[in-house]
Amino acid sequence: MKETKLQVYKRGIQDGIPIGLGYFAVAFTLGIAAKNAGMTAFQAMITSALLNASAGEFVGFTLIAANASYLEMIVMEAVANARYLLMSCALSQKISKETSIWNRLFIGFYVTDEIFGVEIAQDGYLNPIYTYGVASMAAPGWAFGTFLGVLFGNILPLRLSSALSVALYGMFAAVFIPPAKTNKVVAGLIGISFLCSFISQKLSCFAGISSGIKIILLTVVISLGAAILFPVDTKEKGEAS
Amino acid sequence: MKHPVYLYIAFMAVTTYLIRVLPLTLIRKEITNKTLRSFLFYVPYVTLAVMTFPSILEATQSPISGLAALLTALALAWFGRSLFQVSVLSCVVVFLLELVLV
């Protein structure tokens with residue numbers, strides 16, 4: 001049975017709610033960083049609405065506070081957000097060839113860790129309407145969270161922000177665990193990823209590398225190794241051997 | 001001289017958007033190379049796993065509540081609970097545990 005457009009949109013909204021909640025908590029702390037950089041609540045909100053990128057915005061606010069050059073800003077944004085390039089490549093294979101340029105431009109605007117996560121979890125091709133649904137919940141949480149963070153940075157109780165901070169990680173687990181149940185390679189890769197990520201965080205020789213670069217290096221090395229050792233056979237998306 | 005904030009925001013936004021949108025708009029064909037296809041199949045799961053651990057242990061006030069949240073999320077996801085349930089129940093576990101721990 002095929003879903004109607006409205007049903008797809010509603011499903012997007014449903015999956016977008018926890019993203020919006022998690023974003024709100026993270027964006028709140030981001031607002032505090034923006035305030036410390038001397039930005040107004042409105043400027044911080046505009047930045048969040050345009051970027052939808054936590055690490056990229058943190059870096060950006062720091063550079064604004066330091067009155068850095070525009071070139072520095074461009075280079076640092078490219079580094080902090082480089083993982084989205086990989087995600088965008090993966091998504092290019094997740095959407096149908098007929099997807100219009102407007103939908104591609106829209107999906108591209110909302111390539112974030114979390115939205116990418118729920119998009120990948122979709123069966124078959126990604127319906128752009130789903131992304132519209134997710135974004136309509138997630139984006140306001142992010143933008144208004146930043147706005148309110150600048151204004152009232154210190155009133156969200158620590159207990160609450162601590163609890164909300166795991167919402168996004170819980171979502172990641174909900175995305176990568178189900179395929180691990182049916183695909184042993186994916187299950188093994190998740191274990192290896194946890195281990196390597198843990199080691200790279202503890203070893204002092206990696207201390208100078210930003211977390212964004214670490215994520216890319218680990219992702220490329222582990223995924224490439226798996227692709228060579230365990231190539232995916234079937235043409236069907238999401239159905240490895 | 002202090003640079004105008006809105007110009008900074010414009011540079012940030014344009015750089016970030018180009019990174020996100022170029023592959024999606026330029027790669028119009030289905031990739032046929034088997035290794036590349038397999039690589040792109042594995043990328044999402046690996047990158048999400050790498051981002052989750054050990055960061056979740058540092059997100060909460062106590063690493064114990066972070067670990068409890070991770071185990072809760074893994075178990076609930078394994079038993080097929082929805083994204084929303086997995087996410088919200090992990091938060092609830094942290095909240096309740098930290099009433100005792102912190």
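Convention: sequence-line order gives letters A, B, ...; per-chain numbering from 1. The model shown is predicted, which means the values in this text are computed figures rather than measured ones.
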Flag, side chain of A:Ser92 to backbone of B:Leu24, donor-acceptor distance under 3.5 Å: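 No; judged by distance alone, with no hydrogens or angles, the pair does not exist.
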
Proximal component of A:Phe194, with respect to chain B [non-hydrogen, under 4.5 Å]: both

Side-chain donor or acceptor of B:Arg20 paired with backbone N/O of A:Val111 under 3.5 Å: yes

Part of A:Leu158 lying under 4.5 Å from any heavy atom of chain B: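 Interface part for A:Leu158: both.
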
B:Val93 side chain near A:Val166 side chain, heavy-atom distance below 4.5 Å: no

Engaged part of A:Met39 at the chain B interface, taking heavy atoms whose separation is under 4.5 Å: side chain

B:Arg28 versus A:Ile101, closest heavy-atom pair with distance: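 Where B:Arg28 meets A:Ile101 most closely, the heavy atoms are NH1-CD1, 4.1 Å.
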
Region of B:Leu76 that comes under 4.5 Å of a non-hydrogen atom in chain A: neither

A:Thr99 portion near chain B, given a 4.5 angstrom heavy-atom threshold: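 Contact with chain B is through the backbone of A:Thr99 alone.
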
Donor-acceptor under 3.5 Å (B:Lys34 side chain, A:Pro231 main chain):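 Not a single qualifying donor-acceptor pair exists.
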
Side-chain heavy-atom pair A:Leu85, B:Pro23 within 4.5 angstrom cut-off: yes

B:Ser38 side-chain N/O to A:Val232 backbone N/O, donor-acceptor pair under 3.5 Å: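 Between the backbone of A:Val232 and the side chain of B:Ser38 there is a qualifying donor-acceptor contact (under 3.5 Å).
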
Proximity breakdown for A:Val118 and chain B, heavy-atom pairs closer than 4.5 Å: side chain

A:Phe109 and B:Tyr17 aromatic ring geometry - parallel, tilted or perpendicular at 30°/60° bounds: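 Geometry flag for A:Phe109 against B:Tyr17: perpendicular rings.
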
Part of B:Ser87 within contact of chain A (heavy atom distance under 4.5 Å): both

Heavy-atom contact with chain B under 4.5 Å, split by part of A:Gln201: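 Just its side chain gets close to chain B.
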
Side chain / backbone / both / neither for B:Ala13 at chain A, heavy atoms under 4.5 Å: both

Sidechain-backbone polar pair: A:Ser197 side chain, B:Phe53 backbone, donor-acceptor under 3.5 Å: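 Confirmed, A:Ser197 side chain pairs with B:Phe53 backbone.
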
Ring center gap for B:Tyr45 and A:Phe176 short of 6.0 angstrom: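 Between B:Tyr45 and A:Phe176, the centre distance exceeds or equals 6.0 Å.
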
